[in-house]
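Values in this document were obtained by computation on a predicted structure and should not be read as measured data. Hydrogens, waters and symmetry mates are skipped; everything else that's a heavy atom, side chains included, is used.
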Protein chains: 2
Amino acid sequence: MPPQRQTKQLQAIRNAFKESRGPLSIDELHTLARDSIDSLGLRTVYRIVRRLQEEGEIASVQVPGKSDRYELASVASSHHHHFHCTACDRYFDIQGCPGGLEKLVPNGFTLEDHDLTLSGLCASCA
Amino acid sequence: MPPQRQTKQLQAIRNAFKESRGPLSIDELHTLARDSIDSLGLRTVYRIVRRLQEEGEIASVQVPGKSDRYELASVASSHHHHFHCTACDRYFDIQGCPGGLEKLVPNGFTLEDHDLTLSGLCASCA
DNA sequence: TCTTTATTGACAATATATTGCCAGTAGTAT
DNA sequence: ATACTACTGGCAATATATTGTCAATAAAGA
C-alpha cells in the first residue's frame with residue numbers, strides 16, 4: 001500500500017464524516033464534500049470511501065431498503081442505533097438500546113446481534 | 001384489470017407464501033415454487049409478485065442491506081419483527097416488540113415507526 | 001371440444017450502482 | 001523548484017436487478 005497523500009478531496013470527505021450526526025451514503029458524501037470542492041467527482045468518493053474502509057477508519061452501515069452508508073469506526077464501535085427521517089431522508093445516530101430482546105427469540109434460535117431503526121421526523125422537519 | 005386466472009404458477013407462489021415462516025425474496029420464491037413447477041421463469045415470479053402486491057394480497061418488507069422481500073398482507077398487518085439467520089440467510093417472523101422506544105428518541109424528533117431485525121442462528125442452523 | 005385471451009418464459013433491453021481505464025493534476029520529498 | 005508518482009475525474013465498461021417484447025401455451029367459458 002503506497003503512502004497516503006493529504007489531498008483536499010480526502011480532507012473534505014473526512015470532514016463530512018466528522019461533522020455528521022449519522023451515517024452517510026455515497027451520494028450524501030458527494031454532495032457534502034462538494035461544498036468545499038465543487039469539482040469533486042463521484043468516482044473519487046467511491047475510491048476514498050473504499051480506502052478509508054479498508055484502513056478501518058470508517059465502517060459500513062446497512063439500513064432497510066437503502067444502499068450502504070458509512071460512519072466513523074469510532075462511532076460504529078460503540079453500540080448504537082439509527083433514526084430515519086422520512087421527510088428529509090437523513091439518518092441520525094441514537095444512543096441507548098431497548099432491553100429484553102432475548103425473550104423475543106423463538107425456541108432453539110440463538111441471538112447474536114440486532115439492528116433497530118426508528119423512523120419519523122427529525123427536529124428540522126418536525 | 002382482466003380476470004385473474006388460476007394458473008399453477010400463481011398457486012405455487014401463493015403456496016410458498018402460505019408455508020413460509022418469514023418474508024421471502026424474489027429468488028427464494030423462485031426456488032421454492034420451482035419445487036412444484038421446474039420450468040418456472042424468474043420473469044413470471046416478478047410478474048406475479050407485483051400483481052399480488054397491487055391487489056393487496058402481499059406487502060413488501062425492507063431488511064437491512066438486502067433487496068426487498070414480501071410477505072402475506074395478513075401477516076404484515078399485525079405488527080411484528082424479523083430474525084435473520086446469518087448461516088442460511090433466511091428471515092423469520094418474530095412476535096412481540098421491545099418497549100420504551102420513545103425514550104431513545106432525541107429531543108425535537110417525532111417517532112412514527114420502528115423496525116427491528118434480530119440476527120443469529122435459526123433452530124436448524126444452531 | 002373449441003374459442004378466446006390472459007399468462008408464460010426466453011431473451012433482449014433498460015435502470016442503477018459500482019468499477020476499470022487513463023491522461024492530466026497535484027502532493028511529497030529531494 | 002524539480003522529479004516522482006499517487007491521486008483525480010471523466011467516460012466507458014461491468015455487475016446486478018428489474019422490466020419490455022412477443023410467440024407459444026394454457027385457463028375459462030361457450
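- Looking at every heavy atom in both residues, B/Pro98 comes nearest to A/Pro98 through CB-CB, 3.7 Å.
- Mapping A/Leu10 and B/Asp27 onto DNA chain D by nearest heavy atom places A/Leu10 at the nucleotide closer to the 5' end.
- The span of DNA chain C lying next to chain B, judged by atoms under 4.0 Å from heavy atoms, is bounded 5' to 3' by C/dT5 to C/dA10.
- In this structure the side chain of A/Val63 reaches within 4.5 angstrom of the side chain of A/Arg69, judged on heavy atoms.
- A salt bridge links B/Arg14 with B/Glu57: the closest approach of a Lys/Arg side-chain nitrogen to an acidic carboxylate oxygen falls below 4.0 angstrom.
- Remark: C1' of D/dG10 and NE2 of A/His30 are 12 Å apart, rounded to the nearest angstrom.
- A/Arg50 places its CZ atom 18 Å from the P atom of D/dA6, with the value rounded to the nearest Å.
- As a whole-Å value, the separation of A/Gln6 CD from D/dT8 P is 11 Å.
- Put simply, A/Lys8 has no side-chain N or O that comes within less than 4.0 Å of OP1 or OP2 on D/dC7.
- The one candidate from B/Thr44, B/Leu29, B/Leu32 that meets the side chain to side chain contact (heavy atoms under 4.5 Å, CB included) condition with B/Ile13 is B/Leu29.
- To the nearest 0.5 Å, atoms OG (A/Ser39) and NZ (A/Lys8) are separated by 7.0 Å.
- Along DNA chain D, the nucleotide nearest to B/Tyr46 and the one nearest to B/Arg5 differ in position, and the one closer to the 5' end is contacted by B/Tyr46.
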For residues 109-126 of chain B, which side-chain donor-acceptor pairs fall under 3.5 Å, sequence neighbours excluded?
{"unit_1": "B/His114", "atom_1": "NE2", "unit_2": "B/His79", "atom_2": "NE2", "d": "3.2"}
{"unit_1": "B/His114", "atom_1": "NE2", "unit_2": "B/His81", "atom_2": "NE2", "d": "3.2"}
{"unit_1": "B/Ser119", "atom_1": "OG", "unit_2": "A/Asp113", "atom_2": "O", "d": "3.4"}

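- B/Leu40 comes within 4.0 angstrom of sugar-phosphate atoms only, judged by non-hydrogen atoms across all strands, and of no base.
- The OH atom of B/Tyr70 sits 10 Å away from the C1' atom of D/dT18 (whole-angstrom rounding).
- If you find the closest nucleotide of DNA chain C to A/Gln4 and to A/Asp68, the one lying nearer the 5' end belongs to A/Asp68.
- In this structure, of D/dC11, D/dC7, D/dT19, it is D/dC11 that holds the atom nearest to the side chain of A/Arg43.
- Under 4.0 angstrom from either OP1 or OP2 of D/dA6 there lies no side-chain N or O belonging to A/Arg47.
- Taking CD of A/Glu19 as the reference point, atom CG of A/Asn15 lies at 4.5 Å (rounded to 0.5 Å).
- Here B/Thr7 lies in heavy-atom contact (under 4.0 Å) with sugar-phosphate atoms only.
- Separating the CD atom of B/Gln53 from the P atom of D/dT18 is a distance of 11 Å, rounded to the nearest angstrom.
- In this structure, CG of B/Leu42 is placed 11 Å from P of D/dT19, rounded to the nearest angstrom.
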